[in-house]
Amino acid sequence: MKKLLSGNEAVARGAWEAGVNVVSAYPGTPSTEILENLAKYQEIYAELATNEKVGLEVAAGASFAGARALTCMKHVGLNVAADPLFSMAYIGASGGFVVVSADDPGMHSSQNEQDNRYYAKMAKIPCLEPSDSQECLELTRLAFDLSEKFDTPVLLRLTTRISHSKGVVELGERKEHKPAGYVKNIAKNITIPAHARKMHAKVEERLKMLAEYGESFFYNRIEEGDRKLGIITSGISYQYAKDIFPGVSYLKLSLTFPIPQKLIAGFINSVDEIYVIEENDTFLEEQIKAMGYQVKGQSAFEKEITGKSKVPILGELDPTAVAKGFGLQKEQAYQNIQVPGRPPVLCPGCPHRGVFFALNKLKLTVAGDIGCYTLGMMEPLNAIDTVICMGGSVTAAMGLEKALGVEMAQRTVAVIGDSTFFHSGITGLIDMVYNNSQGTLIILDNRITAMTGHQENPGTGKTLQGQEAPIVDLEPLVRSCGVKHIQIIDPLNLKQTEAAVKEAINNPGVSVIIAKSPCILIEKKFQPALRVDEDKCIGCKLCLKLGCPAISFDKAKKKSHIDPLYCIGCQVCAQLCPKGAMGRGEVVK
Amino acid sequence: MDTVNILICGVGGQGVLLAGDIIAEAAIAAGFDAKKSEVHGMAQRGGSVVSHVRYGQKVNSPLIRQGTADVILSFEEMETARYLDFLKSGGTAVINRQQVMPMTVATGAAEYPQDIVEQIKKQGVKVVVCEGVKLAEQAGSAKTINIVLLGALSKHLNLPAEKWIETIAGRVPPKTVEMNKKAFELGSKG
Ligand SMILES: Cc1ncc(C[n+]2csc(CCOP(=O)(O)OP(=O)(O)O)c2C)c(N)n1
Ligand code: SF4
């Protein structure tokens, strides 16, 4: 059967067909839909992990049991999970063990554009790169076989355009995999130095065997064409190259680490000129050049290898970028017209808004974190000073205090979402308590992982599949970390929010404010829209400081206006208006 | 046949992504290869949204090369202006008559370019304005606006009407099938 599937849907399907038994993962764009789609299959145990390290370790444990296991994450997630990944690279895989990394060149929703193929190289494990949805399915299925055959974790590396593009996919059937069961083998499964030294030797042997395997690997293929130009490429870049350079010769690599050196050498020999077209860093180019073909006069080939000198290293590739790089893009017929930007904003009624309004008003330094609430940095709220990575708010605020003392602490707060707190904020909080910090942490408990498309988390009382789950309750959790000063507030109540922040920053020791109010998109308990009574509105624009997409200013009338299509009646603006001009529908004139 | 390229743009929440899915699926139903691409993530928070759809004998890149889009289907007037460089010479822009104010305009920091459709026409672009909001309401619900726009788009593509209708019926809530069929018809006449 054929179906239009995104790369992520196809990876999920491929894992299912391969008989995957256990999946554990933390969401992260562009990887999230892999887990969400795996959750639909009854035959698979799939769960939301607390963070990526947890996800990778749960999958590793399942592999110890001889089960086929998968974890998936966005590229920066692999930084969090790197520690167990490197150990598992030594331990290997009893049951097929696949790690999916979805990279984000162009940073559509990320803080950097790191190229995770280097993780494969550093951990010395194979890297597979599909170039469309069909290959996503096939290579995922095959990754489990490879993992078992070579006793290694396999890195399946996707990028945003692979994950989120849809193409036609031929579906297969599931082949059940019965976990072989756990067999005690401490020389294999305990990474103490004495064992690890032997493991490393095996890893080096494994790499050689994988390199040999790659020479005749079906998905490393030469497409013969005009011999004047040969293009070596992988992943989505293959598709762009095919559009810009039709009819030339291609070496399309799918196993991009370790590379098949003989195949590459043969290909280079068979064509006049060589381009390496890849997105992100010079991963292939470096390896190919390291083979020695670049040094003119010293190599047998005397061929220049053109890669990142023409193909952009910054941002995402697309056919236009490739064409431009090689000077092949013609003038466009029409020109774009400069119009105001349209950045994303916090939803109307978002509970985060009240907190950022208070922080802006109090002119505090705010160590921010990653989630919908990062949008609190945007005008007019403009209430975040730093963002490092998930969990980094708590510790950054602590560092500011340690560097500049209590006075800084009294002007600083850290803000973090509930999911992010569970992910990696809690360790920072423990550090604050343990090391006698003074500081304030606001946990924005909207009871969901909103940013990545509304997943459950340990605080929501629901599993990945929406079944009931125990709730990890924030307040006793924070208390048991040793925090004495805890306030629970409703962030939709502006007065209460501001008072709580003022109290917390002046309290000696660690203070935590839990701002509890659900994301408006989960419960959708919308109230009737508010309207501005134009007789009362004095045009002071105070309400505009909330940055609510439902409120605009009518320049002609010099009055605020609420769009009834967008307003969900949260009443936050009504608390601000000095003239009481915001009311329910009946107030309208 | 050359690959047909359609770029759809609009604002998060307007139904751009579903529209893209429907075009690709209708093309596949009509026997073509198809690919589409968009970026998830910020779509829900009112940001700009763009989706690329391509179909033909065999499609390689899921992204359209600049200067090669046959049609730009724009759900919002001003959004069209960001993607004109994708349109091929002689290509058509089907523009929904609707303005959604971005935050910068709402707060008074920027102005909405009221004459944007005129500015686009001045470049020589073939512009078709679709009264999406009006027609959707006529069909029974403002929510059918993306289907109205697909109707308007369908006149510029070579896909059979029944493939459109089949695909739409499969992708909208069962209770709304009749309403959406009507929306498609109104769009294709409008
Ligand atoms: C290491 C890492 N993993 C995953 C992500 C993707 N990500 C960004 S924000 C976020 C969670 C946000 O949830 P929460 O903290 O509850 O805030 P909300 O969006 O609900 O306001 C995730 C998973 C990331 N940026 N970094
Ligand atoms: S999705 Fe929820 S948390 Fe995110 S901006 Fe909207 S209301 Fe706020």
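Chain letters run A, B, ... following the sequence lines, proteins first, then strands; residues in each count from 1.
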Highest number of heavy-atom pairs under 4.5 Å with chain B: which of Lys2(A), Lys242(A), Gln335(A), Lys3(A)? Gln335(A)
Looking at Asp318(A) and Arg65(B), is there a salt bridge between them, counting it only when a charged N and a carboxylate O are closer than 4.0 Å? no
More than 12 heavy atoms of other residues, nucleotides or ligands under 6.0 Å from CZ of Arg97(B): yes or no? no
Taking atom OH of Tyr334(A) and atom OG1 of Thr80(B), what is their separation to the nearest 0.5 Å? 14.0 Å
Quick check for you: to the nearest 0.5 Å, what is the distance between Arg342(A) atom CZ and Cys9(B) atom SG? 10.0 Å
Residue-level contacts of residues 150-167 of chain B with chain A, using a heavy-atom cutoff under 4.5 Å: none
Interface moiety of Ile551(A) toward chain B, non-hydrogen atoms closer than 4.5 Å: backbone
Between Glu77(B) and chain A, which part of the residue has a heavy atom less than 4.5 Å away: side chain, backbone, both or neither? neither
Taking atom CG as the centre, does Asp115(B) end up with more than 12 heavy-atom neighbours from other residues, nucleotides or ligands that are less than 6.0 angstrom away? yes
Smallest separation among heavy atoms of Pro340(A) and Pro113(B), with atom names: CD-CD, 3.9 Å
Among Ala110(B), Ser89(B), Gly91(B), Ala142(B), residue most engaged with chain A (heavy-atom pairs, under 4.5 Å): Ser89(B)
Greatest number of heavy atom pairs closer than 4.5 Å to chain B - which of Gly341(A), Ala323(A), Gly167(A): Gly341(A)
Do Arg54(B) and Asp243(A) sit within salt-bridge range, that is, some charged N less than 4.0 Å from a carboxylate O? yes
Heavy-atom pairs under 4.5 Å with chain B are the metric here; pick the option from Pro380(A), Gly547(A), Ser560(A) that has the most. Gly547(A)
Winner by heavy-atom pair count (cut-off under 4.5 Å) against chain A, out of Asp85(B), Thr107(B), Ile116(B): Asp85(B)
Partners meeting side chain to side chain contact (heavy atoms under 4.5 Å, CB included) with Lys126(B) (sequence neighbours left out): Thr92(B)
Heavy-atom pairs under 4.5 Å with chain A are the metric here; pick the option from Ile64(B), Val100(B), Ile120(B) that has the most. Val100(B)
Which portion of Tyr238(A) sits near chain B, non-hydrogen atoms under 4.5 angstrom: neither
Chain B contact via Asp563(A) - side chain, backbone, both or neither, heavy atoms under 4.5 Å: neither
Let me check something: any side-chain donor-acceptor pairs from residues 179-186 of chain B under 3.5 Å, sequence neighbours excluded? List them with distances.
from      : atom 1 : to        : atom 2 : distance (Å)
Asn180(B) : ND2    : Thr176(B) : O      : 3.0
Asn180(B) : ND2    : Thr176(B) : OG1    : 3.0
Lys182(B) : NZ     : Gln138(B) : O      : 3.4

Spacing of Arg161(A) atom CZ and Ser37(B) atom OG [to the nearest 0.5 Å]: 4.0 Å
Which of Glu25(B), Arg82(B), Glu79(B), Met78(B) touches chain A most, by non-hydrogen pairs under 4.5 Å: Arg82(B)
Part of Pro30(A) lying under 4.5 Å from any heavy atom of chain B: neither
In terms of heavy-atom proximity below 4.5 Å to chain B, should Gln329(A) be classed as side chain, backbone, both, or neither? both
Given side chain to side chain contact (heavy atoms under 4.5 Å, CB included), test Gln332(A) with Leu84(B) step by step and report yes or no. CA-CA 9 Å; Gln332(A) 280 92 34; Leu84(B) 292 171; over 6 Å; no
Ala24(B) to Leu4(A) - nearest heavy-atom pair and separation: CB-CD2, 3.7 Å
Answer key: most heavy-atom pairs under 4.5 Å with chain B among Ile337(A), Asp132(A), Thr452(A) is Ile337(A)
Heavy-atom pairs under 4.5 Å with chain A are the metric here; pick the option from Lys35(B), Gln66(B), Met103(B) that has the most. Gln66(B)
Of all the heavy-atom pairs spanning Asn336(A) and Tyr83(B), show the shortest one and how long it is. OD1-C, 3.4 Å
Engaged part of Val105(B) at the chain A interface, taking heavy atoms whose separation is under 4.5 Å: side chain
With a 4.5 angstrom heavy-atom cut-off, could you sort out which part of Lys545(A) is near chain B: side chain, backbone, both or neither? neither
For the residue pair Ala106(B) and Leu544(A), what are the closest heavy atoms and their distance? O-CD2, 4.0 Å
From Glu38(B) CD over to Ser165(A) OG, what is the distance, rounded to the nearest 0.5 angstrom? 8.0 Å
For Leu63(B) and Leu317(A) the tightest heavy-atom approach is CD1-O, 4.2 Å
Under 4.5 Å from any heavy atom of chain B, what part of Lys166(A) do you find: side chain, backbone, both or neither? both
I'd like to know whether Ser552(A) forms a side chain to side chain contact (heavy atoms under 4.5 Å, CB included) with Met101(B), so could you lay out the CA-CA distance, the side-chain angles of the two residues, the decisive distance to 0.1 Å, and finally the verdict. CA-CA 9 Å; Ser552(A) 59; Met101(B) 301 298 144; 5.9 Å; no
Just wondering, more than 12 heavy atoms not from Glu170(A) lying within 6.0 Å of its CD? yes
Given Gly67(B), Pro102(B), Ser61(B), the one with more heavy-atom pairs under 4.5 angstrom with chain A than any other is Ser61(B)
Residue set satisfying ring pair (Phe, Tyr, Trp, His ring centres under 6.0 Å) with Tyr240(A), at least two apart, ordered chain then number -> none
Take Lys555(A) and Glu111(B), measure what salt bridge (Lys or Arg N to Asp or Glu O under 4.0 Å) needs, and give me the verdict at the end. CA-CA 11 Å; Lys555(A) 276 192 183 154; Glu111(B) 295 270 350; 3.1 Å; yes
In terms of heavy-atom proximity below 4.5 Å to chain B, should Cys372(A) be classed as side chain, backbone, both, or neither? side chain
